Every structure is written in C-alpha cells, then in structure tokens.
Amino acid sequence: MRPPDPHVRLEGQYVSLEPLEVTHLEPLHAIVEANPEAFMLTYVPRSPSPHDPYFAQAFADRDAGTAVPLAVKRKSDGRLIGTSRFNRIVVAESRMELGFTWLDPSEHGGPANVDAKFVMFAYAFEACQTVRLQVQADARNVRSLAALEALGLTREGTLRRYGRAADGGLRDSVVFSMLDVEWPAAKAKLAARLAAKMHGR
C-alpha cells in the first residue's frame, strides 16, 4: 500500500476535494453554526480557530502522516459544503479509514456524499492500493448508518462504549468496511447510484 498524498486533489462529477487549509475553517464552522441540530451526533468544529480540537487534530494527524483531511466543494459554484478525511492510515497493514465526514444539510440526499465517497474509495483502492477501508459511525446516528450501508460497505459489528461521542459521552461505534477484492463490484453499483443521484432519481 502507498500512503495517500497529503496534497491530493480529487475530482468527482458533483464535488471536488482539496487539502484542508486554514482558509476553509471559517466557512466550515459557519455551516455548523447555522445548523446545530443537524450535527448533534457528529464530531464537528465548535469554532473557526485552527486551535479548535477538530481542526487541530486534523492538522496534527496530517503532519504525523496518519491522516489526509480534505475540504469538499460543489463544482457548479465552488462553494465549500463539507469535509472528509483519510484517517488512521497504517501503511504496513495496508489499511485506513474514511472519517470525520459531514456535509451541509442542504446537500443531504443529493449526489454530494455519493460522489465524494466514490472518488475517495477509488483513490484508496486504485491509487493507494489499500486492502481494507474502514468507516465508523455513532450507533445512534441512523441517517449515517443508512448512508454507509447504501454505499455498499459491509456492517461488521458494534464496538461498545468506544471513544468519545460528539456530545461528550462514550459512544457505541458501528464498524463498516470494504476490501480491495470487493471494490470492483461495489464500484459498478456505486457508479450507477451516482448516475441516478445526478439525474435526480
């Protein structure tokens, strides 16, 4: 496995992804501030400062080579609509996670998440040649769990009281994964799902 390029830029049909920078922090925080009810179960920044725990961890992990944080933009107008991250990168074991993903609620149900995941999956399996790609979600976050299953990931089980939740308590984390041998079939299905989303079906 090759580690993800910290400077990678990914182009989808609906979104583009670029390295997270300080200039992204204020507009990302503005999305959270305008929609507090949508992020009650999601780990998000609480301020636009680079010292905010969310952003500070993203940059520290990037510097350590264990994460590649990305800003997600809508291609039609260049508007910043969210963020995602290649995370917990372990090159020696050919595995990594996708995490810290959230989007402006106005994009929920549309093509943005499917498109972002499509290009991130493709990059992970085809460019980095990862063997295992993992995603975790709070067991209470029904919308996120449904979205992950719809992406073709396998639900493996639940890690009980595993890590801090967005509300400060301990959460149960549901683990999903996809393997390299599963990607070709999943890619075809995901491409069809993206086409349907792009055409509003």
Side-chain angles (χ1 to χ4, degrees), residues 1-36 38-91 95-108 110-128 130 133-138 141 144 147-148 151 163-166 173:
M1 170 182 161
R2 291 187 288 270
D5 180 356
H7 307 294
V8 68
R9 293 175 180 270
L10 302 174
E11 291 290 329
Q13 298 180 48
Y14 186 83
V15 299
S16 60
L17 292 84
E18 63 187 43
L20 185 70
E21 300 293 349
V22 173
T23 54
H24 298 128
L25 307 193
E26 190 168 333
L28 283 174
H29 176 253
I31 294 171
V32 174
E33 198 169 41
N35 303 277
F39 298 110
M40 293 179 66
L41 297 176
T42 305
Y43 187 37
V44 291
R46 301 303 176 186
S47 83
S49 168
H51 302 294
D52 179 275
Y54 182 93
F55 293 130
Q57 181 180 357
F59 293 135
D61 289 351
R62 182 187 63 190
D63 293 343
T66 59
V68 177
L70 300 165
V72 181
K73 290 185 173 181
R74 188 167 55 203
K75 293 183 71 170
S76 61
D77 57 6
R79 181 175 176 266
L80 188 63
I81 58 170
T83 183
S84 193
R85 201 177 304 179
F86 292 110
N87 193 51
R88 293 179 178 170
I89 300 164
V90 185
V91 174
R95 61 179 169 86
M96 60 180 159
E97 289 191 7
L98 296 188
F100 299 92
T101 302
W102 51 269
L103 295 171
D104 189 314
S106 66
E107 297 290 341
H108 291 175
N113 184 56
V114 179
D115 196 24
K117 289 296 194 300
F118 185 90
V119 295
M120 292 181 78
F121 286 7
Y123 181 74
F125 288 117
E126 297 170 14
C128 298
T130 189
L133 193 63
Q134 180 171 296
V135 185
Q136 296 185 38
D138 190 317
N141 196 333
S144 289
L148 292 172
L151 291 170
R164 289 290 169 189
S173 291

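Nothing here was measured: the structure is a model prediction, and the numbers come from that model.
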Engineer: Partners of N87 by side-chain hydrogen bond (donor to acceptor under 3.5 Å, both in side chains), sequence neighbours excluded?
Structural biologist: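 Residues passing side-chain hydrogen bond (donor to acceptor under 3.5 Å, both in side chains) with N87: none at all.
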Engineer: With the side chain counted from C-beta on, respond yes when V72 and L103 share a heavy-atom pair under 4.5 Å apart, and no when they do not.
Structural biologist: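 V72 reaches L103 side chain to side chain.
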Engineer: Sort out for me which residue in S49, P48, S47 forms a side-chain contact (heavy atoms from CB on, under 4.5 Å) with E26.
Structural biologist: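 When side-chain contact (heavy atoms from CB on, under 4.5 Å) is applied between E26 and each of S49, P48, S47, only P48 qualifies.
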Engineer: Can you tell me which residue pairs pass the salt bridge (Lys or Arg N to Asp or Glu O under 4.0 Å) test with a partner in residues 41-63, sequence neighbours excluded?
Structural biologist: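 Not a single pair qualifies under salt bridge (Lys or Arg N to Asp or Glu O under 4.0 Å).
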Engineer: Tell me, with the steps shown, if H51 and F59 meet side-chain contact (heavy atoms from CB on, under 4.5 Å).
Structural biologist: CA-CA 10 Å; H51 302 294; F59 293 135; over 6 Å; no
Engineer: Going through the distances and angles, do E11 and K75 end up as a salt bridge (Lys or Arg N to Asp or Glu O under 4.0 Å)?
Structural biologist: CA-CA 9 Å; E11 291 290 329; K75 293 183 71 170; 3.2 Å; yes
Engineer: With side chains defined as the heavy atoms from C-beta onward, is the minimum distance between S16 and R74 less than 4.5 Å?
Structural biologist: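 Not in contact.
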Engineer: Considering residues at least two apart in sequence or located in another chain, which fulfil the side-chain hydrogen bond (donor to acceptor under 3.5 Å, both in side chains) criterion with H24?
Structural biologist: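 Once residues adjacent in sequence are excluded, the partners of H24 under the side-chain hydrogen bond (donor to acceptor under 3.5 Å, both in side chains) criterion are E18.
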Engineer: Indicate yes or no: at least one non-hydrogen side-chain atom of Q136 is less than 4.5 angstrom from one of E97.
Structural biologist: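 Touching, per the 4.5 Å side-chain cut-off.
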Engineer: Taking only residues two or more places apart in sequence, or in another chain, which ones meet S106 in a side-chain hydrogen bond (donor to acceptor under 3.5 Å, both in side chains)?
Structural biologist: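 Scan of S106 (side-chain hydrogen bond (donor to acceptor under 3.5 Å, both in side chains), adjacent residues dropped) gives D104.
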Engineer: For M96 and M1, work out which heavy atoms get closest and say how close.
Structural biologist: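 The pair with the smallest heavy-atom distance is SD-CE, 4.1 Å.
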Engineer: If you compare all heavy atoms of T101 against all heavy atoms of S84, which two are closest, and at what distance to 0.1 Å?
Structural biologist: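 Answer, listing the atom of T101 first, then S84: OG1-OG, 2.6 Å.
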Engineer: What are the two closest heavy atoms between W102 and I31, and how far apart are they?
Structural biologist: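 So the two residues come closest at CZ3-CG2, 4.0 Å.
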Engineer: Check for a donor-acceptor pair, side chain of R95 on one end and backbone N or O of I89 on the other, with a separation under 3.5 Å.
Structural biologist: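 Side chain of R95 to backbone of I89, a donor-acceptor pair under 3.5 Å: no, none is there.
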Engineer: How close do P36 and A34 get, heavy atom to heavy atom, and via which atoms?
Structural biologist: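 So the two residues come closest at CD-C, 3.5 Å.
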Engineer: With heavy-atom distances below 4.5 Å as the criterion, would you say the side chains of V32 and P45 are in contact?
Structural biologist: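 They are in side-chain contact.
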Engineer: Please, which pairs that meet ring pair (Phe, Tyr, Trp, His ring centres under 6.0 Å) have at least one residue in residues 66-91, sequence neighbours excluded?
Structural biologist: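 Residue pairs passing ring pair (Phe, Tyr, Trp, His ring centres under 6.0 Å), neighbours aside: F86-Y123.
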Engineer: Working to the nearest 0.5 Å, report the span between CD of Q57 and OG1 of T66.
Structural biologist: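 Here the interatomic distance stands at 8.5 Å.
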Engineer: Heavy atoms only: give me the nearest V135-L98 pair and the separation to one decimal.
Structural biologist: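 Shortest heavy-atom separation between V135 and L98 comes out as CG1-O, 3.7 Å.
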Engineer: Side chains of L70 and V8: does their closest heavy-atom pair fall under 4.5 Å?
Structural biologist: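 Yes. Closest side-chain heavy atoms under 4.5 Å.
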Engineer: Applying side-chain hydrogen bond (donor to acceptor under 3.5 Å, both in side chains), can you list everything that pairs with N113, at least two apart in sequence or on another chain?
Structural biologist: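 Partners of N113 under the side-chain hydrogen bond (donor to acceptor under 3.5 Å, both in side chains) test: K117.
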Engineer: What pair of heavy atoms forms the shortest contact from F121 to L151, and how long is it?
Structural biologist: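 Closest heavy-atom pair between F121 and L151: CE2-O, 4.3 Å.
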Engineer: Could you grab the distance from atom NE2 of H108 to atom CG of N35, nearest 0.5 Å is fine?
Structural biologist: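 Output value for this atom pair is 8.5 Å.
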Engineer: Please step through side-chain contact (heavy atoms from CB on, under 4.5 Å) for the pair F55 and L20, ending with a clear verdict.
Structural biologist: CA-CA 9 Å; F55 293 130; L20 185 70; 4.3 Å; yes
Engineer: For T42 and V44, indicate whether the former's side chain and the latter's backbone hold a donor-acceptor pair under 3.5 Å.
Structural biologist: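 Absent.
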Engineer: Heavy-atom distance under 4.5 Å between the side chains of R9 and L17, does that happen here?
Structural biologist: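 SC-SC contact between R9 and L17 ruled out.
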Engineer: Should the pair Y43 and F100 be assigned to parallel (<30°), tilted (30 to 60°) or perpendicular (>60°) ring geometry?
Structural biologist: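 Rings of Y43 and F100: tilted, as their planes differ by 30° to 60°.
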Engineer: Using side-chain heavy atoms (C-beta onward) and a distance below 4.5 Å, is P4 in contact with T130?
Structural biologist: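 The answer is no, as the side chains (C-beta and beyond) never meet within the 4.5 Å cut-off.
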